[in-house]
Amino acid sequence: MNKQLEKMKQNQECERRKRIAEEKHKEWVQKKREEERRERKRKLRKEMAEKATRELEKMQLQEKADIKYKEWLKKKRAEEAEKKKKEKEKEKEREAELQEKRTRSEKIFKEWLQNSRNKPQPTLNGYGFPHGKSTGLY
């Protein structure tokens, strides 16, 4: 009877240990799953934060590029406008010089025309050549 009682106690003890081991195993598995779930969430949050940071940096870089492009374009247009303005000024100067030259030429021509009317006509019977022919005398 003692042996049976002892055996029964041992079986009960063995089953109790088994149950405790199973419960501890279940708790361990549950903790492990909970840790893995938290780790996945943490990694996911970290990836999302990194992705958001990269997107923000990309947007900032794009904005800087847009600003620089607009500044460059504005500068280029100003240079082109300045260049056109200088070309127009040069063209006006050329036109003014040409007009002045024409005016001077016309004035000089009119003076020449006026002077040529007042000049005496050259004599045809000069130097002993009456009517442009030699008379035989020196």
Side-chain angles (χ1 to χ4, degrees):
M1 190 101 148
N2 261 347
K3 282 186 178 181
Q4 259 187 343
L5 193 59
E6 190 69 34
K7 229 179 189 184
M8 228 157 120
K9 279 186 179 180
Q10 282 180 353
N11 280 343
Q12 283 178 351
E13 186 66 29
C14 191
E15 282 186 28
R16 188 179 68 82
R17 285 182 183 169
K18 224 180 201 181
R19 267 194 321 248
I20 290 172
E22 283 179 8
E23 285 176 12
K24 284 187 178 180
H25 182 262
K26 282 182 183 178
E27 285 177 13
W28 180 82
V29 168
Q30 190 175 359
K31 282 183 181 179
K32 195 70 172 169
R33 286 181 182 160
E34 188 66 29
E35 277 182 31
E36 287 177 353
R37 186 177 62 81
R38 281 192 299 242
E39 186 67 23
R40 280 195 303 268
K41 280 185 177 180
R42 188 185 65 77
K43 281 185 179 178
L44 186 64
R45 281 194 301 262
K46 187 178 178 182
E47 286 177 8
M48 294 294 279
E50 287 176 354
K51 188 176 180 182
T53 305
R54 282 193 304 268
E55 287 293 322
L56 184 63
E57 287 175 355
K58 192 176 180 181
M59 285 175 53
Q60 288 174 346
L61 193 63
Q62 185 66 34
E63 286 176 8
K64 282 184 181 179
D66 288 342
I67 290 170
K68 284 195 175 195
Y69 173 73
K70 286 178 182 176
E71 287 176 0
W72 175 84
L73 191 63
K74 187 177 178 182
K75 184 179 174 184
K76 200 69 171 172
R77 286 182 177 161
E79 286 176 0
E80 287 179 8
E82 187 69 27
K83 189 176 178 182
K84 285 183 180 179
K85 187 178 176 183
K86 285 183 180 179
E87 286 179 5
K88 283 184 179 180
E89 286 177 6
K90 284 184 181 180
E91 187 65 30
K92 283 182 181 178
E93 285 178 15
R94 264 189 245 123
E95 284 291 326
E97 286 177 6
L98 201 62
Q99 185 64 31
E100 187 180 326
K101 193 174 180 181
R102 281 189 198 130
T103 308
R104 218 177 321 129
S105 298
E106 286 178 14
K107 183 180 175 186
I108 291 172
F109 176 73
K110 286 179 182 176
E111 286 177 6
W112 175 83
L113 195 61
Q114 190 69 28
N115 289 340
S116 67
R117 287 183 187 157
N118 296 338
K119 278 187 183 177
Q121 291 292 326
T123 57
L124 294 175
N125 299 333
Y127 303 106
F129 299 101
H131 305 295
K133 297 180 180 175
S134 175
T135 56
L137 295 171
Y138 289 101

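All values below come from the heavy atoms of this structure, side chains included, with hydrogens, waters and symmetry mates left out.
- One distance of note links CG of Leu56 with CG of Leu61; it measures 11.0 Å at 0.5 Å rounding.
- Atom CD of residue Glu95 and atom NZ of residue Lys92 lie 11.0 Å apart, to the nearest 0.5 angstrom.
- For the side chain to side chain contact (heavy atoms under 4.5 Å, CB included) test, residues two or more places apart in sequence or in another chain that qualify with Lys76 are Trp72, Glu79, Glu80.
- Between Glu87 and Glu91 there is no side-chain heavy-atom pair separated by less than 4.5 Å.
- Distance check, rounded to the nearest 0.5 Å: CD of Glu97 to CZ of Arg104 gives 9.5 Å.
- In this structure, the separation between CD on Glu100 and OG1 on Thr103 is 7.5 Å, given to the nearest 0.5 Å.
- Here Trp112 is tied into one hydrophobic group with Phe109, Leu113, each link being a pair of ILVMFWY side chains closer than 4.5 Å.
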For residues 18-38, which side-chain N or O atoms pair as donor and acceptor with protein atoms under 3.5 Å away, sequence neighbours left out?
residue : atom : partner : partner atom : Å
Glu34   : OE1  : Arg37   : NH2          : 3.2
Glu34   : OE2  : Arg37   : NH2          : 2.1

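- The number of heavy atoms from other shown groups lying within 6.0 Å of CD (Glu111) is above 12.
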message = Please evaluate residues Glu71 and Lys75 with respect to the criterion salt bridge (charged side-chain N to carboxylate O under 4.0 Å, His left out), reporting the C-alpha separation (whole Å), side-chain torsions for both, the decisive distance (0.1 Å), and the verdict.
response = CA-CA 6 Å; Glu71 287 176 0; Lys75 184 179 174 184; over 6 Å; no
ask   = What's the verdict on salt bridge (charged side-chain N to carboxylate O under 4.0 Å, His left out) for Glu13 and Arg16, showing C-alpha distance, side-chain angles and the deciding distance?
value = CA-CA 5 Å; Glu13 186 66 29; Arg16 188 179 68 82; 2.5 Å; yes
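- Glu39 has its side chain within reach of Arg42: a pair of non-hydrogen atoms, C-beta onward, lies under 4.5 Å apart.
- The structure places CD of Glu89 at 15.0 Å from NZ of Lys84, a figure rounded to the nearest 0.5 Å.
- From Cys14, atom SG reaches atom CE of Met8 across 14.5 Å, with rounding to the nearest 0.5 Å.
- The side-chain heavy atoms of Lys51 and Arg54, taken from C-beta on, include a pair separated by under 4.5 Å.
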